[in-house]
> 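Can you read through this structure? Questions will come right after.
Numbering starts at 1 and runs along the sequence shown. Reckoned from all heavy atoms, side chains included, excluding hydrogens, waters and symmetry mates.
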Amino acid sequence: MNTSLSQSADTPPGPGIAIDTPAVSHQQRRRSLVSSTAGNILEWYEWSAYSVMSPFIAAAMFDSSNPASGLLAVFAVFAVGFLMRPVGGIFFGWLGDRIGRKAILLITMLLMAAACFAIGLTPGFATIGVAASVLLLLLRCLQGFAHGGESSASTTYVAEIAPAGKRGQWGSVSGVSIIGGSVLAFLISAVLTTWLGEEAMATYGWRIPFLLGGAMAIVVLWMRRSMHESDVFDAHQNADAPQKLSRKKITLITLRMIAFTSGLTCVNYVWMTYMTTFAIKERGMQADAAFWATMVGQLVCLASMPLMGKLSDRIGRKPMMFGFAVLAFVTTIPLTLMVGAAPWTLALPVAASLVMWAMCQSIYPAIQAENFPTYVRSRGIGFAYSISVALFGGTAPYLNQLFVSLGAGWMFSVYVMTLCVVSFVATLFFPETKGADLNKLKL
């Protein structure tokens, strides 16, 4: 047994905690980490494929007589999917705190894959009229429901199986999954667009990423079946009389987490997804060039995330949180103004913005897990993250497009900067939790 693992059976139990679960080896933890990460990458691929393909989906599933209306409609459906994420986060978070993290990771994978595959098979507006839009809306809601559950369960699970001294580094795989899934979506979209051409993509090519997502889910489900349950969860289940916080304290922790996440999630969805569409529609960049440029920026971010997680295990969580808020505030306007028709004008600001985002996203699972006690960790994470993403992330592409269509794109930059200020202020009220024992949190 590796005694460096704080969540092992050899760890002295905290007050009210009686640990009698079998020890889990370091190798088993790593295998479970890989299985969880593979599924999370696929979940984010399936989720990102919708936003990447949004220009083609708008033409296929809505009335194409008004392109601006079609684009707004598809981003409205994008936001509706996010509105279902809190529902999924709350429901699966509640269920995960009762039946365990592993079962939820299997259920959400099945639901997300089914919705993704069905989107790829849904007939277009020209074939079945408004029914196509309605079906797309329902399937996007199912995706949001499943994704909300997956996000909370995977974040909770990875943080609970990680060694305390490496929780930031291990937790960074969650951010790697987000970027990895998005990069995969952009890579497949770029290859298809280059190979088939935009006309074929508009006709049938946009369906291929969704069908691939459904097929890849079979492999991931096979991998996830061998994961072990979180021993932190097992320890809590076997506790004689676990200590609980007051409802007021849990509410304050949740509100603090929502406030901090507001700036983080807004920056994410502006630079991970919307700016590609902005470059194509507003700056005249070729679609395939925009996809490749965004992917380059995302790969730079991907490489930085484990380093950011490791750095937080050395210097703490709060310096990273403050750093993100300040840097994102200062650079939002100049990086947005940089985007033009040339691919490098998109690749550079995407890379810079997402590396700033990685400062916190890489350690976000650790921050969340270290601020919620075990008995409400999954539902607390699911609720706080999903609410913030629904309010400030899912609406970001729609608001950005709306302000641009009104000739006031600068207003959205001010909006992003305001949320960065909110994140900064919220950070002031967070305790430093680097290396915390999840069985004995001091909240």
Side-chain angles (χ1 to χ4, degrees), residues 43-85 111-147 181-182 185-186 188-190 192-193 196-215 217 269 272-282 287-288 290-291 294 390 393-402 404-405:
E43 287 267 0
W44 279 102
Y45 161 78
E46 293 170 343
W47 184 255
S48 300
Y50 183 92
S51 57
V52 175
M53 291 287 102
S54 60
F56 301 116
I57 296 175
M61 298 303 216
F62 295 93
D63 185 356
S64 59
S65 61
N66 187 329
S69 176
L71 191 60
L72 286 173
V74 77
F75 280 132
V77 175
F78 184 72
V80 166
F82 273 97
L83 292 176
M84 288 300 295
R85 286 183 64 170
L111 291 177
M112 192 74 174
C116 187
F117 196 76
I119 288 175
L121 294 177
T122 301
F125 189 91
T127 303
I128 60 174
V130 71
S133 303
V134 174
L135 284 172
L136 181 65
L137 177 63
L138 293 175
L139 291 171
R140 191 59 179 171
C141 286
L142 180 59
Q143 275 194 320
F145 181 68
H147 199 61
S182 181
F186 273 96
I188 290 175
S189 300
L192 288 172
T193 304
L196 298 175
E198 292 195 30
E199 183 177 349
M201 285 296 294
T203 303
Y204 66 89
W206 67 268
R207 299 178 181 275
I208 297 175
F210 296 99
L211 299 177
L212 285 175
Y269 282 95
M272 190 82 72
T273 58
Y274 175 75
M275 276 301 168
T276 307
T277 300
F278 175 81
I280 296 170
K281 295 291 184 180
E282 304 297 330
D288 58 342
F291 290 150
T294 302
T395 58
Y398 181 83
L399 288 175
N400 208 335
Q401 180 64 26
L402 178 61
V404 168
S405 67

> Under 4.5 Å between any side-chain heavy atoms of Pro209 and Leu192, yes or no?
yes
> How many angstroms lie between CD1 in Ile128 and OG in Ser133, if you round to the nearest 0.5 Å?
8.5 Å
> Excluding sequence neighbours, so at least two apart, what forms side chain to side chain donor-acceptor pair (under 3.5 Å) with Thr276?
Thr294
> Give me the atom names and distance for the closest heavy-atom approach of Ala132 to Pro123.
CB-O, 3.3 Å
> Calculate, to the nearest 0.5 Å, the distance between atoms CH2 and OG belonging to Trp206 and Ser54 respectively.
11.5 Å
> Quick one: pull up CE in Met53 and CE in Met201 and give me the separation to the nearest 0.5 Å.
4.0 Å
> Any idea which heavy atoms bring Tyr45 and Gly213 closest together, and the distance?
CE2-CA, 3.6 Å
> Taking only residues two or more places apart in sequence or in another chain, which ones pass side-chain contact (heavy atoms from CB on, under 4.5 Å) with Leu142?
Leu111, Ala115
> Could you report the tightest heavy-atom contact between Glu46 and Gly214, atom names first, then the distance?
OE2-N, 4.1 Å
> Given 3.5 Å as the limit, does a donor-acceptor pair link the side chain of Ser405 with the main chain of Leu402, or not?
yes
> Nearest 0.5 Å please: distance from the CG atom of Leu136 over to the OH atom of Tyr50.
4.5 Å
> Would you please name every residue forming a side-chain contact (heavy atoms from CB on, under 4.5 Å) with Leu139, sequence neighbours left out?
Ala118, Ile119, Thr122
> Give, for atom CG of Leu211 and atom SG of Cys116, the distance between the pair rounded to the nearest 0.5 Å.
8.0 Å
> If you measure from OH on Tyr204 to CD on Glu199, what distance do you get to the nearest 0.5 Å?
10.0 Å
> Minimum heavy-atom separation for Arg207 to Gly124, with atom names?
NH2-N, 3.5 Å
> Would you check, one step at a time, whether the test side chain to side chain contact (heavy atoms under 4.5 Å, CB included) holds for Thr193 with Glu198?
CA-CA 6 Å; Thr193 304; Glu198 292 195 30; 4.1 Å; yes
> Do Asn400 and Tyr269 have side chains that approach each other closer than 4.5 Å (heavy atoms only, starting at C-beta)?
no
> Do you know which two heavy atoms are closest between Ala146 and Met112, and how far apart they sit?
CB-N, 3.8 Å
